Amino acid sequence: MPTRVPSARITAKDVAERAGVSISAVSRTFTEGASVSERTRLKVTEAATELGYRPNQLARSLMTGRTALIGLVSNHFANPAFMEVFDLFTRELQARGLRPLLANLGEDEDGLAALDMMRQYSVDAVLIATSAPPEGFAASCREAGMPVLHVFGRAGRSSPAPVVTVDNVAGGRLVGEAMRAAGRRHLAFIGGSSHDASTIDRGRGFSDAVGSALSEVVHAGDYTHAHGRSAMLGLLDGGSKIDGVFCADDVLALGALDACRERGVEVPGRIAVVGFDDMPLASWASYSLTTVRQPIRAMVLHAIERIVAWTDGEGSVPRSRLFPCELVWRDSLPGPR
């Protein structure tokens with residue numbers, strides 16, 4: 001048997017010679033949907049296995065016009081609550097033979113750099129994974145001919161792209177009803193940016209449920225521990241008489257809990273704190289945060305399935321979908337007995 005060539009140097013020509021077929025037969029074997037006899041396919045795949053051959057993805061993309069790249073765009077890469085989201089997206093895309101191309105909007109305020117990257121690498125589609133992308137970003141992706149789906153966005157007739165998200169208004173309402181049922185009468189809401197869709201909708205649902213009991217609304221800025229801590233310290237040091245705080249995100253809530261510890265404020269004795277997301281840290285004994293759980297895995301899988309079907313031409317533009325959420329009771333607001 002011929003000496004095996006190191007896998008990094010194996011080419012389609014090597015496989016063709018081993019299998020006794022043409023180079024074009026090797027190419028057709030590894031091109032989905034291409035015409036090739038079962039006998040030839042078997043000879044090629046056996047030779048490829050023996051040699052350790054892997055098809056050149058770049059060469060394949062030149063033939064098919066598809067890169068198998070899916071743009072994954074977000075501005076939450078520093079937020080630990082999103083680590084599960086990114087882990088799921090990357091693993092599930094790779095399991096389908098696709099490759100995520102990550103674009104960080106953190107310093108890209110208008111999204112032009114991210115858009116340019118998506119176009120340069122000819123991604124097959126774009127998944128936006130943030131509730132606050134730059135204005136017009138999704139529309140620009142569509143105008144550039146890229147299928148785009150917005151995860152964690154706000155569904156509505158004016159949305160430029162299909163949206164996969166949780167029912168944020170209902171989630172905020174759940175928290176408000178729980179606060180009132182627990183006898184909390186002087187409430188505050190700590191959100192992210194005043195322009196963030198999730199903050200707006202979660203705050204609206206909370207306000208609808210508690211009415212005049214909502215006495216303080218703070219837009220902390222980003223969904224970070226530091227912003228949550230600072231916002232809570234502002235309420236405590238400002239003499240606020242609140243006995244319950246709903247934070248629009250778990251990271252903000254963890255910052256708020258730590259601020260209460262710094263000031264010696266008992267939780268939930270004096271102030272109850274509730275978050276949103278149910279990130280892994282929320283269940284740690286040192287926080288035991290009552291929070292709203294998003295069905296993250298179901299949302300991510302749905303988004304990937306819809307965008308893959310869309311790009312494969314197996315379906316029309318997907319419809320937006322709103323997922324339900326649930327309240328998870330822990331110590332920061334004890335559940336009903």
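Keep in mind that what you see is a predicted model, and the values were worked out from it rather than measured.
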Partner set under side-chain hydrogen bond (donor to acceptor under 3.5 Å, both in side chains) for [X], not counting sequence neighbours:
| X | answer |
| --- | --- |
| T40 | S37 |
| D277 | Q294 |
| D87 | R91 |
| T224 | H227 |

What one should report as the nearest heavy-atom pair of R293 and C325 is O-CB, 3.3 Å
Residues in salt bridge (charged side-chain N to carboxylate O under 4.0 Å, His left out) contact with [X], at least two apart in sequence or another chain:
| X | value |
| --- | --- |
| R96 | E92 |
| R204 | D201 |
| E177 | none |
| E216 | none |

Who are the ring pair (Phe, Tyr, Trp, His ring centres under 6.0 Å) partners of F189, not counting sequence neighbours?
F246
I need the full list of salt bridge (charged side-chain N to carboxylate O under 4.0 Å, His left out) pairs touching residues 229-242, with sequence neighbours left out, sorted by first then second residue.
R229-E262, D237-R263
Mind checking side chain to side chain contact (heavy atoms under 4.5 Å, CB included) for T165 and listing every partner two or more places apart, or none if nothing turns up?
V163, N168, L322
Go through the structure and list residues passing side chain to side chain contact (heavy atoms under 4.5 Å, CB included) with M83, not counting sequence neighbours.
F86
I want to check a possible cation-pi pair here: R202 against F206, using under 6.0 Å from ring centre and within 45° of the ring axis as the test.
no
